[in-house]
Amino acid sequence: AQSVTQPDIHITVSEGASLELRCNYSYGATPYLFWYVQSPGQGLQLLLKYFSGDTLVQGIKGFEAEFKRSQSSFNLRKPSVHWSDAAEYFCAVSGATNKLIFGTGTLLAVQP
Amino acid sequence: GAGVSQSPSNKVTEKGKDVELRCDPISGHTALYWYRQRLGQGLEFLIYFQGNSAPDKSGLPSDRFSAERTGESVSTLTIQRTQQEDSAVYLCASSERPKSSGANVLTFGAGSRLTVL
């Protein structure tokens, strides 16, 4: 069965600093990988996805993520964080069953 | 519609009562998902519908939980004899039929917040 681990429950960064949120997945075949963001009081929004091809994928709001098969990872990065990026970030994996399984999330706080 | 619509947005009920939560997916989306999000936790998969195929019910936590979907339209999640542990936000999502298995991009509704007293 597929699963996702987000080891960091809570991260605080200063505005303008770089960001990396970790995600490790478990899946026996080629995974489909996603990052979603949930802002306070709002629904989930897709940031980016990896299906195949280039392992570095670009998303909205200046985010990118890199798929590393050897490490079973799909870490999310942003070179310079803005205060509006404060939110909860969820990594997710999907496979042949079309069942999207989410990690427990990382709550990002941004200090001025 | 333009997005995934869920109702009610908030529901407060007493322990032991039954509740129904409704989801109206994006028109033309063949797949529909229900997730549960407890306070401070991640999204817990409940059930997945794809067209007229048998649903994947593997995430339903107990037989008090059930869901129905008529064709490729509205879905209803029913919780019978609610317990306090059922308090959570219930999220619905829909997606187009993926071009390949797993490549489905979900669009989420705003959720139904259930509080069981």
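When reading the values below, keep in mind they use all heavy atoms of this one structure, side chains included, and skip hydrogens, waters and symmetry mates. Not measured: the values here are computed from a predicted model. Below, chain A is the first sequence line, B the second, and so on; all start at residue 1.
Interface residue A:L46: only side-chain heavy atoms are found under 4.5 Å from chain B. Using a 4.5 Å cut-off between heavy atoms, A:Q38 contacts chain B through its side chain alone, with no backbone atom that close. Only the side chain of B:Q37 comes within contact range of chain A, with at least one heavy atom under 4.5 Å from a heavy atom of that chain. Interface remark: B:D56 contributes side-chain atoms only to the contact with chain A (heavy atom separation under 4.5 Å). Neither the backbone nor the side chain of B:S95 comes within contact range of chain A, judged by heavy atoms closer than 4.5 Å.
Under a cut-off of 6.0 angstrom, the local environment of CD in B:E96 is sparse, with at most 12 non-hydrogen atoms contributed by other residues, nucleotides or ligands. By the neighbour-count criterion of 12 heavy atoms within 6.0 Å, atom CD1 of A:I9 is sparsely surrounded, having that number or fewer from other residues, nucleotides or ligands. More than 12 heavy atoms of other residues, nucleotides or ligands shown are found within 6.0 angstrom of CD on A:E20. In the displayed structure, A:K78 atom NZ is contacted under 6.0 Å by more than 12 heavy atoms of other residues, nucleotides or ligands. More than 12 heavy atoms of other residues, nucleotides or ligands shown are found within 6.0 angstrom of CD on B:E85.
Hydrophobic cluster membership is shared by A:I60 and A:F51, with clusters built from Ile, Leu, Val, Met, Phe, Trp and Tyr side chains linked at under 4.5 angstrom. Note: the hydrophobic cluster containing A:L108 also contains A:L48 (ILVMFWY, side chain heavy atoms under 4.5 Å, direct or indirect links). Clustering ILVMFWY residues whenever any of their side-chain heavy atoms sit less than 4.5 angstrom apart, transitively, puts B:L46 in a cluster other than the one holding A:I101. A continuous path of hydrophobic side-chain contacts links B:V116 to B:Y90 [ILVMFWY only; heavy atoms under 4.5 Å].
With chain A as partner, the option from B:V105, B:V89, B:L91 having the largest number of non-hydrogen pairs under 4.5 angstrom is B:V105. For the options A:S52, A:G95, A:G103, A:G105, heavy-atom pairs under 4.5 Å to chain B are most numerous at A:G95. Per-residue counts of heavy-atom pairs under 4.5 Å with chain B were compared for A:N98, A:L107, A:T104; the largest is that of A:N98.
Closest non-hydrogen pair, A:L44 versus B:F108, comes out as CB-CD1, 3.8 Å. Pairing each heavy atom of B:Y33 with each of A:K99, the nearest pair is CE2-CA, 4.4 Å.
Counting heavy atoms from C-beta on, the side chains of B:L106 and A:F34 never come closer than 4.5 Å. Looking only at side-chain heavy atoms (C-beta outward), B:L43 and A:F90 come within less than 4.5 Å of each other.
With B:Y35 contributing its side chain and A:F102 its backbone, the two residues share no donor-acceptor pair below 3.5 Å.
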